[in-house]
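See below for the structure under consideration.
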Amino acid sequence: MGTTLRELIYDIGGGIPNGKEFKAIQTGGPSGGCLTSKDLDVPIDYDSLIARGSMMGSGGAIVMDEDNCMVDVAKFYMDFICDESCGKCTPCRIGTKRMLELLTKITEGKATLADLDTLQDLAANVKANSLCALGQTAPNPILSTLAQFKDEYVSHIVDKKCTAHVCKSLMVYEIDKDKCMGCGLCARQCPVGAIEKTDYVAEGHKLPSLKINAEKCIKCGLCMASCKFKAISKK
């Protein structure tokens with residue numbers, strides 16, 4: 001008790017692997033809230049974590065970096081909580097499922113800003129009216145990520161973009177024709193034949209290249225992993 005989150009992450013845990021930027025830490029298990037860099041010097045104890053929208057809970061902590069999508073994180077925890085609900089009270093039994101549906105809608109780029117208001121209101125109602133601690137703390141991942149990372153929710157809804165490139169429905173793989181050598185290795189790795197040969201003209205010369213058919217692409221990432229020239233990126 002009293003050890004700070006900064007000490008836990010950087011001294012005990014060894015920091016963020018591969019020099020990635022710290023984004024958030026979620027404490028207390030699936031019903032805990034997500035804390036950010038401004039909370040790193042908070043001492044780990046019951047009252048301090050609750051005051052910042054998280055909790056001690058199971059005593060566990062998960063650290064997230066720049067490659068994590070906070071909307072996807074909230075959806076992951078809500079999926080778990082839906083399975084754990086005993087179903088006795090309506091706010092938890094039905095409310096958690098409706099929240100999961102809204103989060104799924106957002107990650108698929110099908111939501112509106114009105115859905116975001118509905119999600120916020122629903123989370124507050126589930127928290128206030130559930131019978132036991134599971135339902136009362138279930139909305140914490142949503143409420144904390146909405147408070148700290150609302151821009152990511154808005155980006156999913158308005159721009160149809162996942163800035164962390166995690167949500168598959170909003171992800172597009174592209175081949176940089178200036179880097180592509182036309183070797184075809186990515187096409188051979190593609191399990192659905194979504195990569196096609198094409199040519200483009202540069203300085204009067206026809207050069208070989210490839211392109212990805214977005215309608216066929218299942219976004220498995222094998223093409224990007226196999227490219228030796230780093231010509232493929234996800235956006």
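Start at 1 with the first residue, then count along the sequence. These numbers come from the heavy atoms of this one structure, side chains and all, not from hydrogens, waters or symmetry mates.
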Do D176 and F229 pass the side-chain contact (heavy atoms from CB on, under 4.5 Å) test, and can you show the C-alpha distance, the side-chain angles, and the key distance before you say yes or no?
-> CA-CA 10 Å; D176 186 337; F229 306 102; over 6 Å; no
Going by heavy atoms in the side chains, are M224 and Q189 under 4.5 Å from each other?
-> no
Pairwise side-chain contact, T163 with D151, heavy-atom cut-off 4.5 Å (strictly under) | no
Distance col, row K127:NZ vs T137:OG1, nearest 0.5 angstrom, shows 6.5 Å
Minimum side-chain heavy-atom gap V154-F149 below 4.5 Å = no
Nearest heavy atoms of V126 and G95, plus distance in Å | CG2-CA, 3.8 Å
Check whether any side-chain heavy atom of L185 sits under 4.5 Å from a side-chain heavy atom of C227, and report yes or no.
-> no
Identify the two heavy atoms, one from K219 and one from Y173, that lie closest to each other, and give their separation to 0.1 Å.
-> CA-CE1, 3.7 Å
Cluster check V158, L170: I/L/V/M/F/W/Y, side chain < 4.5 angstrom = no
Do L143 and Y77 sit in the same hydrophobic cluster, where Ile, Leu, Val, Met, Phe, Trp and Tyr count as joined when their side-chain heavy atoms come under 4.5 Å apart?
-> no
Taking atom types as modelled, is there a side-chain donor on T198 or S209 under 3.5 Å from an acceptor on the other?
-> no
If you measure from OG on S169 to NE2 on H156, what distance do you get to the nearest 0.5 Å?
-> 9.5 Å
Nearest heavy-atom contact between I212 and C217 is CG2-CB, 4.0 Å
Starting from the C-alpha separation in whole Å, work towards a yes-or-no answer on side-chain contact (heavy atoms from CB on, under 4.5 Å) for L8 and I25.
-> CA-CA 11 Å; L8 175 68; I25 179 170; 4.3 Å; yes
Check whether more than 12 heavy atoms from other residues, nucleotides or ligands sit under 6.0 Å from atom NZ of K197, and answer yes or no.
-> no
Electrostatic pair K23:D65 at N-O distance under 4.0 angstrom = no
When rounded to the nearest 0.5 angstrom, what is the spacing between SG in C162 and CE in M171?
-> 7.0 Å
Evaluate the criterion side-chain contact (heavy atoms from CB on, under 4.5 Å) for residue pair Q26 and S144; output intermediate values, then yes/no.
-> CA-CA 10 Å; Q26 195 261 7; S144 63; over 6 Å; no
Can you tell me how far CG of L103 sits from CD of E108, rounded to the nearest 0.5 angstrom?
-> 11.0 Å
Give the C-alpha distance, both sets of side-chain angles, the deciding distance and a yes or no for side-chain contact (heavy atoms from CB on, under 4.5 Å) between M78 and K97.
-> CA-CA 8 Å; M78 191 52 57; K97 290 181 179 178; over 6 Å; no
Among I142, L116, D115, which one satisfies side-chain contact (heavy atoms from CB on, under 4.5 Å) with L102?
-> D115
Side-chain touch K75/D72, heavy atoms, less than 4.5 angstrom | yes
Is there a side-chain contact between C220 and P191, using heavy atoms and a 4.5 Å cut-off?
-> yes
Kindly give the heavy-atom pair with the smallest separation between C223 and C186, and that separation in Å.
-> CB-CB, 3.8 Å
So if you build clusters from Ile, Leu, Val, Met, Phe, Trp, Tyr with side-chain heavy-atom gaps below 4.5 Å, do L134 and I94 land together?
-> no
Got a donor-acceptor contact below 3.5 angstrom from the N18 side chain to the K20 backbone?
-> no
Would you say F22 has more than 12 foreign heavy atoms packed within less than 6.0 Å of its CZ?
-> yes
Side chains of E152 and S155: is there a donor and an acceptor less than 3.5 Å apart?
-> no
From E7 CD over to D41 CG, what is the distance, rounded to the nearest 0.5 angstrom?
-> 8.5 Å
side-chain contact (heavy atoms from CB on, under 4.5 Å) with T27: which of D39, V42, L5?
-> L5
When hydrophobic residues are tied together by side-chain contacts of less than 4.5 Å, even through go-betweens, does Y153 share a cluster with V73?
-> no
What closest approach, in Å, do P91 and S130 show between heavy atoms, and which atom pair accounts for it?
-> CB-OG, 3.7 Å
Under the 3.5 angstrom rule, does the side chain of T107 hit a backbone N or O of T104 as a donor-acceptor pair?
-> yes
Would you call E174 and K235 a salt bridge, using N to O less than 4.0 angstrom?
-> yes
When you measure from the side chain of N68 to the backbone N and O of M64, does any donor-acceptor pair fall under 3.5 Å?
-> no
Determine whether C34 and Q148 make a side-chain contact, defined as any pair of heavy atoms from C-beta on separated by less than 4.5 Å.
-> no
With rounding to the nearest 0.5 Å, note down the distance linking NZ in K105 to OG1 in T118.
-> 8.5 Å
Taking all heavy atoms of I157 and all of A111, pick out the closest pair and write down the distance.
-> CG2-O, 3.4 Å
Is the number of heavy atoms from other residues, nucleotides or ligands within 6.0 Å of OH (Y46) greater than 12?
-> no
Within one Ile-Leu-Val-Met-Phe-Trp-Tyr cluster: I62 and I50, side-chain cutoff 4.5 Å = no
